[in-house]
Amino acid sequence: MAVAGQSPTGHATGPQPGLDGKGPLFGQIKRAVAGQILRGHWRAGERLPNEADLSSLYGVSRQTVNKAIALLAREGFLVRRRRAGTFVAAGRSDRFALPIEDIGDVVAREGHVYEFRILERKSLRNGAAIHWPDVPDGTPILALDCLHFSDGTPIQVERRLVNLDAVPEVAAEPFDRVSPGRWLVDRVPWSSAEHTVRAVNATADMAALLGVEPGAACLSMRRQTVHLNRPITLVHFLSVGERFSLSGASITDSATELNL
């Protein structure tokens with residue numbers, strides 16, 4: 001017996017997904033199918049029409065449909081079973097996305113006065129005194145230490161490496177009016193970012209910079225941004241636990257594309 005939302009053959013039914021006319025056809029099909037799933041029109045366990053039917057529906061090649069379906073399977077929307085077909089996944093493992101946001105914007109949004117101070121600036125070569133695992137040895141790097149303040153109180157220490165092969169113009173920036181993070185957010189594109197967050201206790205040196213007792217609870221975050229497979233910046237933030245917080249959201253590429 002067919003269940004609600006399925007045809008007698010078990011195929012997903014409901015309003016036919018239309019294309020939005022934006023960008024490559026495979027991307028349009030990907031968004032159309034994802035939209036059906038995210039809006040609940042196609043439900044977990046339902047079988048999609050086969051690729052031949054979808055290519056006929058959209059007037060495109062099977063190769064184009066296959067690319068769209070493969071991307072949705074990679075995001076966890078669909079499960080492809082050999083000989084059985086393609087099904088809406090029962091569950092989806094979305095990414096937890098932390099925003100790449102300048103600390104100055106965070107402080108201002110909370111109604112406080114932001115300031116920063118460059119503590120140290122050095123030009124180095126990777127592999128000499130520092131090691132950036134994802135960058136070839138010998139790559140020129142700008143190393144920056146920065147202290148961030150909210151209403152005159154230190155809240156975060158930043159230690160940043162910038163790949164000068166990827167962003168050579170940063171070498172001439174004095175950072176007398178704009179912080180390194182703000183400068184990069186405004187001028188340098190990035191296509192992916194990786195975050196590692198953990199709780200730590202402040203060392204004596206870090207405690208002195210942040211104006212807290214040694215051993216105070218702090219939040220440590222490591223972030224690397226990449227553009228077109230080239231690392232742009234690697235930064236470690238150490239924030240006073242009671243003066244800083246992080247928030248993010250689970251998100252998929254398709255949800256982002258659809259503004260859902």
Legend entry - Over 12 non-hydrogen atoms of neighbours within 6.0 angstrom of CD in E194: no
Inset, instruction - Report yes or no: do I141 and V162 belong to one cluster of Ile/Leu/Val/Met/Phe/Trp/Tyr joined by side chain heavy-atom distances under 4.5 Å? - result: no
Inset, instruction - Report yes or no: is the cationic atom of R121 (NZ for Lys, CZ for Arg) closer than 6.0 Å to the six-membered ring centre of F175, at no more than 45° off its axis? - result: no
Inset, instruction - Please lay out, stage by stage, how S179 and D102 fare under the test side chain to side chain contact (heavy atoms under 4.5 Å, CB included). - result: CA-CA 9 Å; S179 70; D102 178 58; 3.3 Å; yes
Inset, instruction - Could you walk me through whether E115 and R117 pass the salt bridge (Lys or Arg N to Asp or Glu O under 4.0 Å) test, one step at a time? - result: CA-CA 7 Å; E115 298 174 272; R117 183 188 307 156; over 6 Å; no
Legend entry - Other ILVMFWY residues reachable from V200 by side-chain steps of under 4.5 Å: L119, L147, F149, V157, M206, L209, L210, V212, L238, V240
Legend entry - ring pair (Phe, Tyr, Trp, His ring centres under 6.0 Å) contacts in which one or both residues fall within residues 123-144, not counting sequence neighbours: none
Legend entry - Modelled atom types, side-chain donor and acceptor of T139 and R125, under 3.5 Å: no
Legend entry - Q28: partners by side-chain hydrogen bond (donor to acceptor under 3.5 Å, both in side chains), with sequence neighbours left out: none
Inset, instruction - Take D186 and R182, measure what salt bridge (Lys or Arg N to Asp or Glu O under 4.0 Å) needs, and give me the verdict at the end. - result: CA-CA 6 Å; D186 287 344; R182 176 79 271 166; 2.9 Å; yes
Legend entry - Pair R159, H236: side-chain N/O donor-acceptor within cut-off below 3.5 Å: no
Legend entry - Side chains of S61 and T64, donor plus acceptor under 3.5 Å: yes
Legend entry - E158/H148 under side chain to side chain donor-acceptor pair (under 3.5 Å): CA gap, chis, key distance, verdict: CA-CA 8 Å; E158 170 187 329; H148 302 276; 2.7 Å; yes
